Number of protein chains: 2
Amino acid sequence: MSDGRNGPGFGTGFGSESLLFLTDEQLRQGIEAMFFAYRGFTADPDRILSELAYGRAHHRALHFIARAPGTTVNNLLGILGVSKQSLNRVLRALVEDGLVESRVGTLDKRERNLTLTPRGEELEARLSDAQRARMRGAYKEAGPDAVQGFKKVLEAMMDQDMYRAYKKLRDSAS
Amino acid sequence: MSDGRNGPGFGTGFGSESLLFLTDEQLRQGIEAMFFAYRGFTADPDRILSELAYGRAHHRALHFIARAPGTTVNNLLGILGVSKQSLNRVLRALVEDGLVESRVGTLDKRERNLTLTPRGEELEARLSDAQRARMRGAYKEAGPDAVQGFKKVLEAMMDQDMYRAYKKLRDSAS
DNA sequence: TTGGAATGTCAACAAGGCTGACATAAAATG
DNA sequence: CATTTTATGTCAGCCTTGTTGACATTCCAA
């Protein structure tokens with residue numbers, strides 16, 4: 001339960017970790033940076049969404065439907081990691097409001113193929129533009145080398161199941 | 001509303017941005033990496049918390065009280081960015097359960113100074129250890145240079161008010 | 001053809017955000 | 001000293017977004 005509490009001077013030896021010795025303090029700073037940055041990361045879309053009585057869950061659905069048009073509910077469930085009932089509520093709202101179209105699958109009629117309507121694409125673009133602007137700003141400020149490192153650490157931080165689902169999506173979309 | 005939609009080949013010129021030209025696709029990948037990584041980042045503490053009928057809100061409170069022992073409710077509100085009613089609900093539970101102590105301020109008796117009890121410290125350590133282990137693993141996998149870049153991008157992604165509050169916290173804690 | 005698995009929908013509940021209204025006590029100000 | 005402002009806590013009620021349970025439909029395999 002506790003390999004923590006290690007201060008400088010209590011290193012376990014001179015293996016490869018001596019090149020990257022991490023104090024609890026440094027790790028805590030990383031944790032806090034992650035917390036605050038995620039807040040900044042979602043702040044702009046949240047503002048837009050709150051005007052429209054939508055939330056982050058709607059944003060996530062719009063994002064991944066835009067990313068993989070025609071995807072199924074089940075597919076989305078795997079990516080988002082929520083219960084299907086939770087997702088369904090969000091999708092129902094989006095369908096009722098004319099942002100998402102849900103068509104019965106041609107091959108397997110149990111499935112529903114999800115696509116954005118023009119209005120859905122419009123909102124998705126608005127949200128995405130805001131978030132990309134923030135991301136672009138951060139990238140520019142930090143520089144290209146930092147961006148490389150940023151992505152590397154993030155990829156190592158995802159859990160592996162999720163990362164596989166993510167890569168699968170990315171590949172199927174390109 | 002839309003400076004997006006730019007593909008390679010539609011650059012605006014040859015200014016400094018040509019060194020760091022960012023396609024929408026690259027930015028989207030960054031956005032998704034952030035989303036998935038944050039999920040990985042919170043997964044381990046979430047598991048522990050759900051056994052105890054606590055949530056992320058309790059974790060955040062415990063974390064920052066551990067970080068700045070004796071801090072006030074108002075202070076915490078600024079850091080967490082939630083309403084006092086929301087925070088109060090969480091703090092009340094933690095005080096009732098004997099994880100946090102709330103003492104009337106000595107200098108200003110309106111204030112409450114918040115500290116962790118031994119039991120609170122124990123849970124905080126358990127949560128923190130899990131999260132640090134994940135962070136340490138990601139850092140080791142990505143390497144020291146990547147960690148530098150990671151922090152740089154995250155800091156640029158926070159909004160400036162938040163970043164100032166963050167630095168203030170960090171300095172007062174060291 | 002029939003029973004199980006997969007997929008999606010509807011209903012109800014809980015956690016944890018939010019706002020508004022209000023009470024109290026202490027501090028600051030005129 | 002009287003008044004106002006500040007810090008905190010509490011009650012009520014709302015919304016979003018998680019959860020589980022029950023159920024309908026469709027497909028597939030025994």
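Lettering follows sequence order; numbering is per chain, from 1. Quantities reported herein were computed from a predicted structural model and do not represent experimental measurements.
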Practice task
Could you tell me from which nucleotide to which nucleotide of DNA chain C, 5' to 3', there is an atom under 4.0 Å from chain B heavy atoms?
Solution key: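 Endpoints of the contacted stretch of DNA chain C: C/dG16 to C/dA27.
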To the nearest Å, how far apart are [X] [atom1] and [N] [atom2]?
X: B/Arg47; N: D/dT19; atom1: CZ; atom2: P; answer: 14 Å
X: B/Lys109; N: D/dT6; atom1: NZ; atom2: C1'; answer: 17 Å
X: A/Arg92; N: D/dG18; atom1: CZ; atom2: C1'; answer: 15 Å
X: B/Leu49; N: D/dG18; atom1: CG; atom2: C1'; answer: 15 Å
X: B/Asp46; N: D/dT19; atom1: CG; atom2: P; answer: 11 Å
X: A/His58; N: D/dT16; atom1: NE2; atom2: C1'; answer: 8 Å

- Without hydrogens or angle criteria, can the side chains of A/Arg112 and A/Thr72 be said to hold a donor-acceptor pair below 3.5 Å?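 No.
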Q. Would you say the side-chain atoms of A/His63 and B/Glu32 include a donor-acceptor pair closer than 3.5 Å?
A.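 Yes, side-chain donor-acceptor contact under 3.5 Å.
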Base of [N] paired with side chain of [X] (donor-acceptor, under 3.5 Å):
X: B/Arg110; N: D/dT6; value: yes
X: A/Arg89; N: D/dG18; value: yes
X: B/Lys84; N: D/dT8; value: yes

Of A/Leu107 and A/Ala53, whose nearest nucleotide on DNA chain D comes first from the 5' end?
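Result: A/Ala53.
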So which one's nearest nucleotide on DNA chain D is more toward 5', A/Asp108 or A/Leu87?
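This one resolves to A/Leu87.
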Out of D/dG21, D/dG18, D/dG9, whichever nucleotide has its closest atom nearest the side chain of A/Gln85:
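Output: D/dG21.
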Using modelled atom types and a 3.5 Å cut-off, is there a donor and acceptor pairing between side-chain atoms of [X] and backbone atoms of [Y]?
X: B/Thr71; Y: B/Ile65; value: no
X: A/Arg119; Y: A/Asp97; value: yes
X: A/Glu111; Y: A/Val104; value: no
X: B/Ser86; Y: B/Val82; value: no

Presence of [X] side-chain N/O under 4.0 Å of [N] phosphate oxygens OP1/OP2:
X: B/Arg112; N: D/dA7; value: no
X: A/Ser83; N: D/dG18; value: no
X: B/Asn88; N: D/dT8; value: no

Looking for any heavy atom pair under 4.0 Å, which part of the strands does A/Gly81 touch: base, sugar-phosphate only, or nothing?
->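 It contacts nothing in the nucleic acid.
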How do A/Asn74 and B/Arg60 order along DNA chain C: which one's closest nucleotide is nearer the 5' end?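 The residue mapped nearer the 5' terminus is A/Asn74.
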**Cationic N near anionic O, under 4.0 Å, A/Arg67 to B/Glu25** =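 Salt bridge present between A/Arg67 and B/Glu25.
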